[in-house]
Amino acid sequence: MSVVRSHRYHVADGDLEEFLSRRGALIEAVRQGHPGLTHAVLIRLEDGVYTDTWHWESGAQMGAAFASLPTIAEAPLTMALTSDATALNGQVVDER
């Protein structure tokens, strides 16, 4: 069963274009070392908060990727453009 890590954060309107560029570079860097990342979905909610959900083939792959984040230069550069960040892990129960 696939797993996800869901992030919630704010991005200032003036930083969005740069954030999207950095986020794309981060996803590419993570995939280079951890091909278990199947897709990532960024949603801007009506209250201005973003949810960013990363889907993984397995919990082991997700855990290995996130354990390696301190070695991926794009991670702090991307997250520097966010505020009030939180993250939760979960398992996909039903997907249609």
Side-chain angles (χ1 to χ4, degrees):
M1 185 69 58
S2 63
V3 296
V4 298
R5 176 166 286 183
S6 182
H7 308 258
R8 291 179 58 92
Y9 44 72
H10 291 90
V11 176
D13 291 340
D15 291 336
L16 183 58
E17 186 175 326
E18 180 65 21
F19 172 76
L20 292 173
S21 175
R22 291 181 188 188
R23 180 180 175 270
L26 173 58
I27 290 169
E28 181 62 30
V30 168
R31 281 187 172 138
Q32 285 178 6
H34 304 279
L37 176 61
T38 61
H39 61 287
V41 179
L42 181 66
I43 299 170
R44 183 179 184 273
L45 301 174
E46 63 186 340
D47 64 357
V49 172
Y50 289 86
T51 62
D52 194 357
T53 305
W54 293 33
H55 295 252
W56 296 87
E57 291 175 1
S58 74
Q61 290 171 321
M62 182 179 76
F66 284 104
S68 75
L69 278 182
T71 67
I72 299 175
E74 292 84 356
L77 294 174
T78 302
M79 295 311 293
L81 296 175
T82 70
S83 61
D84 302 321
T86 61
L88 292 171
N89 297 331
Q91 184 174 27
V92 175
V93 176
D94 184 46
E95 187 171 31
R96 298 170 195 239

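Scope of the values below: all heavy atoms of this structure, side chains included, with no hydrogens, waters or symmetry mates. Please read these numbers as outputs of a predicted model, since none were measured by experiment. One is the number of the first residue; the rest follow in order along the sequence.
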Measuring from [X]:[atom1] to [Y]:[atom2], what's the distance to the nearest 0.5 Å?
X     : Y     : atom1 : atom2 : answer
Ile72 : Gln32 : CD1   : CD    : 9.0 Å
Arg23 : Glu28 : CZ    : CD    : 13.0 Å
Thr78 : Glu18 : OG1   : CD    : 9.0 Å
Leu42 : His7  : CG    : NE2   : 10.5 Å
His39 : Arg31 : NE2   : CZ    : 9.5 Å
Tyr50 : Ile43 : OH    : CD1   : 12.0 Å

Practice task
Establish whether Val4 and Phe66 are linked, either directly or via other cluster members, by ILVMFWY side-chain heavy-atom contacts under 4.5 Å.
Solution key: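 Each belongs to a different hydrophobic cluster.
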Problem - Hphob cluster co-occupancy, Met62 + Leu26, side-chain heavy atoms under 4.5 angstrom - result: yes
Practice task
For Ser2 and Val92, indicate whether the former's side chain and the latter's backbone hold a donor-acceptor pair under 3.5 Å.
Solution key: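 Not at all, since once roles are kept as given, no pair shorter than 3.5 Å links the two residues.
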Practice task
Keeping the roles fixed (side chain from Thr53, backbone from Val41), state whether a donor-acceptor pair exists under 3.5 Å.
Solution key: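 No, Thr53 side chain to Val41 backbone: no donor-acceptor pair under 3.5 Å.
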Tell me, please, which residues at least two apart from [X] pass side chain to side chain donor-acceptor pair (under 3.5 Å).
X     : result
Ser21 : none
Ser58 : Gln61
Tyr9  : Asp52

Nearest atoms (heavy-atom pairs only) where [X] meets [Y]:
X     : Y     : answer
Leu45 : Thr51 : CD1-CG2, 3.7 Å
Glu74 : Ala29 : OE1-CB, 3.5 Å
Met79 : Ala85 : CE-CB, 4.1 Å
Trp54 : Trp56 : O-CD1, 3.4 Å

Problem - Note, Val30 side chain near Leu69 side chain (heavy atom, < 4.5 Å) - result: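 Yes, at least one pair of side-chain atoms sits under 4.5 Å.
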